[in-house]
Number of protein chains: 2
Amino acid sequence: MKWLRTLVLFNEGGVLSSNGWAAVHQSYQDAIEKIYHPPFSGALTLRAKRRRNNGKDFDRNGVAYLRSHFLRNMLELEGWTSEGDVDLDKERQQPAILLYPSCEHYREPITSGFGGFDFVTTTLDGLKVAIEWETGNISSSHRSMNKLAIALKTGIIQVGVLIVPSRDLYSHLTDRIGNIAELSGYLEMWESLRPKDGKGLLAITVVEHDALSDDPDLPYLPTGSDGRANQARKTRAKN
Amino acid sequence: MKWLRTLVLFNEGGVLSSNGWAAVHQSYQDAIEKIYHPPFSGALTLRAKRRRNNGKDFDRNGVAYLRSHFLRNMLELEGWTSEGDVDLDKERQQPAILLYPSCEHYREPITSGFGGFDFVTTTLDGLKVAIEWETGNISSSHRSMNKLAIALKTGIIQVGVLIVPSRDLYSHLTDRIGNIAELSGYLEMWESLRPKDGKGLLAITVVEHDALSDDPDLPYLPTGSDGRANQARKTRAKN
DNA sequence: TATGGATCCATA
DNA sequence: TATGGATCCATA
């Protein structure tokens with residue numbers, strides 16, 4: 001898989017020039033570049049999107065393969081350990097909200113956890129890093145970015161990275177997944193959330209396939225979970 | 001349907017005390033309170049979530065009915081006209097982004113439109129209002145809030161409202177839709193996006209059913225064939 | 001083609 | 001039960 005570019009939305013406290021950031025970026029770039037299809041082929045070649053016989057729908061590649069290979073590479077090839085969830089304090093101060101029409105002050109209780117990040121680790125120089133591999137729905141990318149921004153602001157991480165498909169890759173994968181084009185109008189918002197003190201770097205890395213192919217012998221990356229993927233293909237083949 | 005509360009996350013330039021806000025809030029509160037099920041019953045009574053015979057899945061209410069009735073009520077009962085899309089300028093200034101590792105300055109082009117809001121109108125005193133009825137996936141609520149915040153910052157609207165189910169209502173509707181509980185940890189982030197000059201009010205309104213029922217003669221609100229619905233139907237048919 | 005939405009899935 | 005995710009739908 002191809003690393004295209006890494007956008008640094010903000011960089012406070014010199015994180016960008018730290019050894020930890022350089023090491024982490026090198027590693028996850030490697031982990032990206034070692035995602036292959038077909039396996040061991042040395043490149044990510046995807047079957048191109050193709051209109052089905054019904055003239056309406058498309059055959060596309062599922063996304064689970066890419067995600068699991070990235071995470072596996074980070075652990076097995078790059079040697080990082082994942083630390084599981086970091087969680088935000090539910091007791092942290094809520095902003096002063098006004099109720100309407102009573103105009104009373106109000107603090108909405110925080111009644112939901114913060115979930116986790118796909119991958120959390122700590123660099124040798126002590127930077128806590130959260131990486132989100134984003135092949136969920138594009139709206140899910142908004143939640144991921146919001147979460148990274150809050151975690152950076154709160155100081156529970158110092159590096160936050162979202163990895164997201166290019167618009168071109170997007171079109172060959174499951175419909176409506178995250179992509180840089182649909183995030184581009186929001187970058188200024190996340191940039192404005194930079195922490196005023198302490199260390200914090202927020203980045204978006206854009207990735208793409210190495211090649212496309214129309215070879216009918218190249219299978220699409222499977223969709224859904226193992227059992228149902230086959231079943232779905234059968235259903236389609238029947239029509 | 002029951003209006004539970006309206007949280008005002010920020011209020012700049014005295015919008016909260018304007019006639020326009022009072023009129024709009026009264027109207028959309030009315031439009032909420034006139035969503036009935038069964039039709040004309042004067043209340044929103046929902047069939048309660050129920051575990052299916054397979055012991056695993058649940059029967060729940062779909063959400064399209066609620067959405068379409070809200071929008072209809074705003075137009076037909078409250079007499080507002082909808083103005084279609086407001087759109088953000090694609091030429092607006094992008095933040096100064098740094099590329100890594102080159103450390104060049106870069107401006108990611110804005111290559112995606114901003115979509116629209118569910119409902120846009122203007123009050124008699126000239127406030128441009130955007131209302132989002134949020135029964136999409138919870139992650140979609142993040143995009144809606146982000147979009148409202150940017151539109152307020154940019155000044156193309158002065159009032160932004162998200163209408164979202166309570167956690168209790170949430171549990172009886174399509175799995176994983178928007179709900180106040182899962183937004184509660186992010187309120188401080190959106191609050192911090194308040195525009196520094198000009199007028200701007202950002203609010204979240206929480207809604208709920210009036211009553212629940214286990215009466216087998218009360219049908220669930222119908223579900224569409226969106227998302228993974230067909231896939232699930234096939235699975236069910238097979239069992 | 002583009003964008004917001006709706007629905008169910010996997011897993012801890 | 002809770003949370004992030006994956007998938008396909010509707011419509012302009």
Side-chain angles (χ1 to χ4, degrees), chain A residues 49 51-52 56-68 84-85 87 111-119 132-144 146-147 167 170-171 173-179 181-182 185 221-229 232 236, chain B residues 49 51-52 56-68 84-85 87 111-119 132-144 146-147 167 170-171 173-179 181-183 185 221-236:
Chain A
K49 176 173 75 167
R51 197 178 287 275
R52 287 210 192 109
K56 203 183 60 177
D57 301 325
F58 290 91
D59 282 319
R60 295 174 145 105
N61 295 281
V63 299
Y65 177 96
L66 300 174
R67 176 191 187 76
S68 65
D85 288 7
D87 218 335
T111 48
S112 215
F114 219 67
F117 296 105
D118 287 333
F119 192 85
E132 291 276 90
W133 176 271
E134 185 56 66
T135 46
N137 188 285
I138 174 65
S139 64
S140 184
S141 313
H142 281 261
R143 177 177 51 203
S144 285
N146 289 351
K147 198 194 288 192
R167 187 68 174 189
Y170 156 83
S171 67
L173 302 178
T174 296
D175 192 22
R176 305 306 293 121
I177 65 160
N179 61 90
E182 289 186 66
L221 299 182
T223 59
S225 65
D226 308 282
R228 266 187 313 278
R236 265 178 234 137
Chain B
K49 175 172 75 167
R51 197 178 288 275
R52 289 214 188 98
K56 204 182 61 178
D57 302 325
F58 290 91
D59 283 318
R60 294 174 146 106
N61 295 281
V63 299
Y65 178 97
L66 301 174
R67 177 189 186 78
S68 65
D85 287 6
D87 218 335
T111 48
S112 216
F114 220 67
F117 296 105
D118 287 333
F119 193 87
E132 291 276 88
W133 175 270
E134 185 57 67
T135 46
N137 189 285
I138 174 65
S139 65
S140 183
S141 313
H142 282 260
R143 177 176 53 202
S144 285
N146 289 351
K147 198 194 286 191
R167 186 68 173 189
Y170 157 83
S171 66
L173 302 177
T174 296
D175 192 22
R176 305 306 294 120
I177 64 160
N179 61 89
E182 288 185 67
L183 297 179
L221 299 181
T223 57
S225 55
D226 298 60
R228 306 178 81 145
N230 289 328
Q231 179 188 353
R233 254 179 219 124
K234 270 176 220 151
T235 309
R236 283 203 289 277

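Below, chain A is the first sequence line, B the second, and so on; all start at residue 1.
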**Student:** At under 4.0 Å between heavy atoms, what does N137(A) touch on the DNA or RNA strands: base, sugar-phosphate, or nothing?
**Tutor:** base

**Student:** Between P on dG5(C) and CH2 on W133(B), what's the gap in Å once rounded to a whole number?
**Tutor:** 13 Å

**Student:** Determine the contact category for T135(A): base if any of its heavy atoms lies under 4.0 Å from a base atom, sugar-phosphate if only primed atoms, P, OP1 or OP2 are that close, otherwise nothing.
**Tutor:** sugar-phosphate

**Student:** Return the 5'-most residue of the pair N61(B), G115(B) with respect to DNA chain C, ranking by each residue's nearest nucleotide.
**Tutor:** G115(B)

**Student:** Separation of H142(B) atom NE2 from dT3(C) atom P, in whole Å?
**Tutor:** 21 Å

**Student:** Classify R176(B) by what it touches in the nucleic acid, base, sugar-phosphate, or nothing, heavy-atom distance under 4.0 Å.
**Tutor:** base

**Student:** Send over the distance from Y170(A) OH to dA6(D) P, rounded to a whole Å.
**Tutor:** 15 Å

**Student:** I138(A) CD1 to dC8(D) C1': how many Å, rounded?
**Tutor:** 16 Å

**Student:** Check the distance between dA6(C)'s C1' and Y65(B)'s OH and give it to me in whole angstrom.
**Tutor:** 18 Å

**Student:** Taking the side chain as every heavy atom from C-beta outward, state whether T174(A) and N137(A) have any pair of such atoms under 4.5 Å apart.
**Tutor:** no

**Student:** I want to verify a distance call: between dT3(C), dT7(D), dT3(D), whose nearest atom is closest to the R167(B) side chain?
**Tutor:** dT3(D)

**Student:** What is the distance, to the nearest angstrom, from the CG atom on N179(A) to the P atom on dA6(D)?
**Tutor:** 15 Å

**Student:** Given atom CG of D118(A) and atom P of dA10(C), what is their separation to the nearest angstrom?
**Tutor:** 17 Å

**Student:** Answer yes or no: does a side-chain N or O of S140(B) lie under 4.0 Å from OP1 or OP2 of dG4(C)?
**Tutor:** no

**Student:** Measure CZ/R51(A) against C1'/dT1(C) and give the value in whole Å, please.
**Tutor:** 10 Å

**Student:** Would you kindly check whether a donor in the side chain of D175(B) faces an acceptor in the base of dC9(C), or vice versa, at under 3.5 angstrom?
**Tutor:** yes

**Student:** At under 4.0 Å between heavy atoms, what does F117(A) touch on the DNA or RNA strands: base, sugar-phosphate, or nothing?
**Tutor:** nothing

**Student:** Classify the nucleic acid contact of R60(B) as base, sugar-phosphate or nothing, counting any heavy atom under 4.0 Å across all strands shown.
**Tutor:** nothing

**Student:** Please tell me which of the listed nucleotides, dG4(C), dT7(C), dT3(D), lies nearest to the side chain of V63(B)?
**Tutor:** dT7(C)

**Student:** Is R143(A) salt-bridged to E132(A), cutoff N-O under 4.0 Å?
**Tutor:** no

**Student:** With sequence neighbours left out, write down each residue that passes side-chain contact (heavy atoms from CB on, under 4.5 Å) with R60(B), or none if nothing qualifies.
**Tutor:** K49(B), F58(B), D175(B)

**Student:** Of R143(A) and I177(A), whose nearest nucleotide on DNA chain D comes first from the 5' end?
**Tutor:** R143(A)

**Student:** Kindly say if S112(A) contacts the phosphate of dT3(D), meaning a side-chain N or O under 4.0 Å from OP1 or OP2.
**Tutor:** yes

**Student:** Assign each of G62(B) and K147(B) to its nearest nucleotide of DNA chain C by heavy atoms, then name whichever residue's nucleotide is nearer the 5' end.
**Tutor:** K147(B)

**Student:** Under the 3.5 angstrom rule, does the side chain of N179(A) hit a backbone N or O of R167(A) as a donor-acceptor pair?
**Tutor:** no

**Student:** According to a strict under-4.0 Å criterion, is S144(B) in side-chain N/O contact with OP1 or OP2 of dG4(C)?
**Tutor:** no

**Student:** Using ring pair (Phe, Tyr, Trp, His ring centres under 6.0 Å) as the criterion, list what pairs up with Y65(A), not counting sequence neighbours.
**Tutor:** H37(A), H69(A)

**Student:** Measuring from the side chain of R67(A) (C-beta onward, heavy atoms only), which nucleotide among dG5(D), dC8(C), dT3(D) has the closest atom?
**Tutor:** dG5(D)

**Student:** At 4.0 Å (heavy atoms only), tell me whether T174(B) reaches a base, stays on the sugar-phosphate, or touches nothing.
**Tutor:** base

**Student:** Relative to the 5' end of DNA chain D, which residue comes earlier, A64(A) or F58(B), by the nucleotide with the nearest heavy atom?
**Tutor:** F58(B)

**Student:** For D57(A) and R52(A), indicate whether the former's side chain and the latter's backbone hold a donor-acceptor pair under 3.5 Å.
**Tutor:** no

